[in-house]
Amino acid sequence: MIALADCNNFYVSCERVFRPSLEKCPVIILSNNDGCAVARSNEAKQLGIPMGAPYYQVRNICDRAGVAVFSSNYELYGDMSRRIVSVLSRFSPRMEVYSIDESFLDLGQAVNPLELSRQIRKRVGEWTGIPISIGLGPTKTLAKLANRLAKQGNTGCLEVRPGDKGSLRSVAVEDVWGIGNRYASRLRRIGIRNALELAEAPSVVVRKAGGVTLERTQRELCGWNCINLEEVPQPRKNACSSRSFGRPVTTLQDLEEAVANHAVKAANRIRREGSLARGLQVFVATNRFRKDLPQYVNSRTMVFGEPTDDPICILSSACRMLRGIYRNGYAYKKAGVLLLDLDQGGHQQLNLFNGGEREKHERLADVMEQLTTAYGPRAAFLAAQGLERSWSMKRSRLTSRYTTSWDELPVAGTS
DNA sequence: TCTGGGGTCCTAGGACCC
DNA sequence: TCTGGGGTCCTAGGACCC
């Protein structure tokens with residue numbers, strides 16, 4: 001039996017743990033740059049604020065109804081997520097951490113999985129303050145579906161079996177895990193409107209509408225396991241760092257600073273994971289929503305002579321490629337760096353002609369990492385990363401890092 | 001004025017090989 | 001007039017997820 005434990009309105013719940021006064025009030029959390037609503041409390045959902053709505057489009061509703069609005073506080077959410085995972089892991093040795101707020105647990109042959117789920121839910125609530133819902137099913141897709149129904153019915157925990165026609169019929173086809181907008185409209189066109197109709201459709205029809213991917217989903221709905229529990233996370237194949245700018249950027253110098261920062265960020269991430277990149281991609285884009293402005297999107301990709309995690313080498317290559325794709329006269333909105341085809345260290349193919357540079361860069365990168373770990377990201381950085389960074393993103397409604405920073409611990413009582 | 005970021009997998013089509 | 005068959009590899013784009 002597979003259980004899907006999913007936190008309710010996770011980001012909102014994290015903020016509420018440290019500000020109990022937000023209970024029962026409408027709350028939304030904004031994406032980076034304070035762009036879109038990416039998490040909503042039930043009260044905010046009832047006000048009609050859709051998932052992913054640009055904030056400027058719902059600002060009026062928020063002002064009128066007194067919605068509490070916050071920037072994303074990923075340090076807090078990441079730390080709360082780790083705490084929840086550690087509680088969940090006490091209940092099953094076989095577990096897949098699927099996202100920041102969801103984990104699949106294999107409850108094996110538990111005698112009473114529903115009762116066990118209730119215990120899990122209670123324990124997570126008591127130990128972390130975060131409310132979760134648990135869906136149970138013989139496959140991941142059915143566990144997902146059960147979870148959706150548990151949230152809808154506010155039952156906390158719910159089990160769905162493959163033959164449970166009533167439950168399957170009550171879930172719209174676009175709400176099935178693995179079915180997005182495109183597949184849903186194709187399926188609706190051929191008369192498949194809910195999970196039951198998908199489960200019972202001829203597989204050739206399903207295959208034609210969405211290939212093997214959709215057929216897997218169909219089989220999972222019938223109770224056949226097609227999507228395995230991944231207990232050990234697969235090593236990442238790519239690492240991307242990118243961000244929209246807080247304001248339109250027009251000069252090559254600003255773009256270079258941004259790309260330099262992304263290059264260093266991505267490089268440091270793979271260094272921490274102990275992997276090496278075989279390739280590098282740099283991209284820039286104008287604001288695709290501004291139909292009134294000239295649009296320009298471009299990218300360039302290269303293969304390194306030898307796989308690398310050297311921030312200096314990655315930064316200089318990235319900036320060189322940026323100069324190749326930069327065009328004057330556009331208002332850029334976004335830039336980023338992808339490290340491609342990552343290799344889990346251990347067997348670095350060295351370049352015969354690369355002399356002692358590598359060792360020097362290696363030592364420098366290590367020292368910089370120590371400095372930034374101890375004294376913050378501005379303690380040591382490469383000149384190309386820039387001093388002012390006037391393009392950097394907006395986060396005007398950020399709450400404190402209550403659990404990860406000594407200076408920002410919550411204070412009990414008032415003076 | 002203001003519209004997120006970071007991933008994965010699959011497929012079709014082109015280039016190239018013998 | 002008539003223009004093969006079988007394969008691999010790579011990439012871009014499309015679809016999905018949270």
Side-chain angles (χ1 to χ4, degrees), chain A residues 4 6-7 9-11 28-39 49-60 62 69 71-72 74 77-78 81 96-104 140-141 144 147-148 173-187 207-217 220 226-228 230 233-248 262 265-266 269-270 273 278-279 281 283 285-293 297-301 303 331 333-342 393-397:
Chain A
L4 173 66
D6 189 334
C7 302
N9 312 331
F10 180 54
Y11 297 172
I28 63 172
I29 312 293
L30 302 177
S31 61
N32 283 321
N33 255 323
D34 292 345
C36 304
V38 289
I49 299 173
M51 178 62 178
Y55 178 51
Y56 76 93
Q57 286 178 5
V58 295
R59 183 175 290 157
N60 278 339
C62 293
V69 181
S71 305
S72 290
Y74 288 111
Y77 311 152
S81 174
E96 173 187 343
V97 178
Y98 177 65
S99 75
I100 194 167
D101 69 337
E102 284 172 74
S103 294
F104 290 102
K140 283 173 146 185
T141 306
K144 268 278 197 185
N147 192 286
R148 161 170 285 274
V173 76
E174 58 269 24
D175 293 334
V176 173
W177 186 46
I179 298 182
N181 271 336
R182 301 299 174 98
Y183 285 170
S185 60
R186 271 182 232 169
L187 288 170
R207 181 101 180 206
K208 192 154 168 258
V212 293
T213 323
L214 192 56
E215 199 181 342
R216 268 202 289 264
T217 297
E220 285 248 322
C226 300
I227 306 173
N228 292 331
E230 283 184 14
Q234 294 301 303
R236 230 143 36 106
K237 294 172 181 164
N238 302 305
C240 173
S241 173
S242 77
R243 197 122 302 177
S244 300
F245 301 121
R247 59 163 174 84
H262 289 308
K265 207 169 136 197
R269 199 186 308 157
I270 68 165
E273 293 174 5
R278 291 210 185 82
Q281 183 177 75
F283 65 88
T286 50
N287 187 342
R288 65 198 159 100
F289 296 104
R290 292 292 298 269
K291 302 296 181 207
D292 55 323
L293 293 179
V297 175
N298 205 350
S299 68
R300 191 158 288 182
T301 306
V303 175
K333 179 63 181 170
K334 189 173 180 177
V337 168
L338 280 107
L339 295 176
L340 308 168
D341 214 355
L342 299 182
M393 70 167 168
K394 280 187 303 200
R395 284 214 289 183
S396 60
R397 299 156 176 274

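Chain A is the first sequence line, chain B the second, and so forth, proteins listed ahead of strands; every chain is numbered from 1. Here the structure is a predicted model, which is why all the values come from computation and not from measurement.
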For this session: Look at atom CZ of A/Arg182 and say whether more than 12 heavy atoms of other residues, nucleotides or ligands are closer to it than 6.0 Å.
Result: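 Open: at most 12 neighbouring heavy atoms sit under 6.0 Å from CZ of A/Arg182.
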Exercise. Taking everything shown except A/Arg288 itself, do over 12 heavy atoms lie less than 6.0 Å from its CZ?
Worked result: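 Not buried by this count: 12 neighbours or fewer within 6.0 Å.
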Find every protein N or O atom lying less than 3.5 Å from an N or O atom of nucleotides 9-12 of chain C, and list the pairs.
none

Exercise. Using the C1' atoms of five pairs at each end, what's the angle between the two axes of the helix from B/dG5-C/dC18 to B/dC18-C/dG5, to 10 degrees?
Worked result: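 For the helix from B/dG5-C/dC18 to B/dC18-C/dG5, the axes at opposite ends meet at about 10°.
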List, with names and distances, any nitrogen or oxygen atoms from the protein found under 3.5 Å away from nitrogen or oxygen atoms belonging to nucleotides 3-7 of chain B.
residue	atom	partner	partner atom	Å
B/dT3	OP1	A/Lys333	NZ	2.1
B/dT3	O4	A/Tyr56	OH	3.0
B/dG4	O4'	A/Ser31	OG	2.9
B/dG5	OP1	A/Ser244	N	2.4
B/dG5	OP2	A/Ser244	OG	3.0
B/dG5	OP2	A/Lys334	NZ	3.3
B/dG5	O3'	A/Arg243	NH2	3.1
B/dG6	OP2	A/Ser242	N	2.8
B/dG6	OP2	A/Ser242	O	3.0
B/dG6	OP2	A/Ser242	OG	2.8
B/dG7	OP1	A/Arg236	NH1	2.0
B/dG7	OP1	A/Arg269	NH1	2.6
B/dG7	OP2	A/Cys240	N	2.6
B/dG7	O5'	A/Arg236	NH1	3.3

Exercise. If you look at every strand shown and take non-hydrogen atoms under 4.0 Å, does A/Glu102 touch a base, only sugar-phosphate, or nothing?
Worked result: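 Sugar-phosphate: the residue A/Glu102, judged by heavy atoms under 4.0 Å, touches backbone atoms but no base.
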Exercise. Can you list the steps and then say if A/Thr301 with A/Leu340 is a side chain to side chain contact (heavy atoms under 4.5 Å, CB included)?
Worked result: CA-CA 9 Å; A/Thr301 306; A/Leu340 308 168; 3.7 Å; yes
Output the rounded distance in Å from [atom1] ([X]) to [atom2] ([N]).
X        : N      : atom1 : atom2 : result
A/Ile100 : C/dC17 : CD1   : P     : 19 Å
A/Tyr98  : C/dC16 : OH    : P     : 13 Å
A/Gln234 : B/dT8  : CD    : P     : 10 Å
A/Asp175 : C/dC18 : CG    : C1'   : 15 Å
A/Glu96  : C/dC18 : CD    : P     : 12 Å
A/Glu174 : C/dC16 : CD    : P     : 11 Å

Problem set entry | Gap between atom OH of A/Tyr55 and atom CG of A/Asn33 - 0.5 Å precision |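 Interatomic distance, A/Asn33 CG to A/Tyr55 OH, rounded to 0.5 Å: 14.5 Å.
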Problem set entry | Atom pair CD1 (A/Ile49) and CD1 (A/Ile28), whose distance is rounded to the nearest 0.5 Å |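 CD1 of A/Ile28 is found 5.0 Å from CD1 of A/Ile49.
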Exercise. Hey, what's the ring geometry for A/Tyr11 with A/Tyr77, parallel, tilted or perpendicular (30° and 60° as the breaks)?
Worked result: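 The rings of A/Tyr11 and A/Tyr77 lie parallel, inter-plane angle below 30°.
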Exercise. Who are the side chain to side chain donor-acceptor pair (under 3.5 Å) partners of A/Asn181, not counting sequence neighbours?
Worked result: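 A/Asn181 satisfies side chain to side chain donor-acceptor pair (under 3.5 Å) with no other residue.
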Exercise. Under the side chain to side chain donor-acceptor pair (under 3.5 Å) test, which residues partner A/Gln57, sequence neighbours left out?
Worked result: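 Applying side chain to side chain donor-acceptor pair (under 3.5 Å) to A/Gln57 gives none.
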Problem set entry | Expected output: side-chain A/Asn228 to main-chain A/Glu230 donor-acceptor under 3.5 Å |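 Not confirmed, A/Asn228 side chain does not pair with A/Glu230 backbone.
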Exercise. Would a distance-only check, ignoring hydrogens and angles, find a side-chain to backbone donor-acceptor pair under 3.5 Å from A/Asp341 to A/Arg278?
Worked result: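 Looks like no, no N/O pair under 3.5 Å.
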For this session: Could you check if a side-chain atom of A/Val212 sits within less than 4.5 angstrom of a side-chain atom of A/Arg207, using non-hydrogen atoms only?
Result: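 The answer is yes; the side chains approach within 4.5 Å.
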Problem set entry | A/Asp34-A/Ser396 side chain donor-acceptor pair, cut-off 3.5 Å |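 A/Ser396 and A/Asp34 do have a side-chain donor-acceptor pair below 3.5 Å.
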Problem set entry | OP1 or OP2 of C/dC17 under 4.0 Å from side-chain N/O of A/Lys140 |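 Checking A/Lys140 against C/dC17: no side-chain N or O falls below 4.0 Å of OP1 or OP2.
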Exercise. When you measure from every atom of DNA chain B, which of residues 178-186 of chain A have a heavy atom less than 4.0 Å away?
Worked result: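 Within this stretch, nothing sits under 4.0 Å of the strand.
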For this session: Evaluate the criterion side chain to side chain contact (heavy atoms under 4.5 Å, CB included) for residue pair A/Lys333 and A/Arg290; output intermediate values, then yes/no.
Result: CA-CA 10 Å; A/Lys333 179 63 181 170; A/Arg290 292 292 298 269; over 6 Å; no
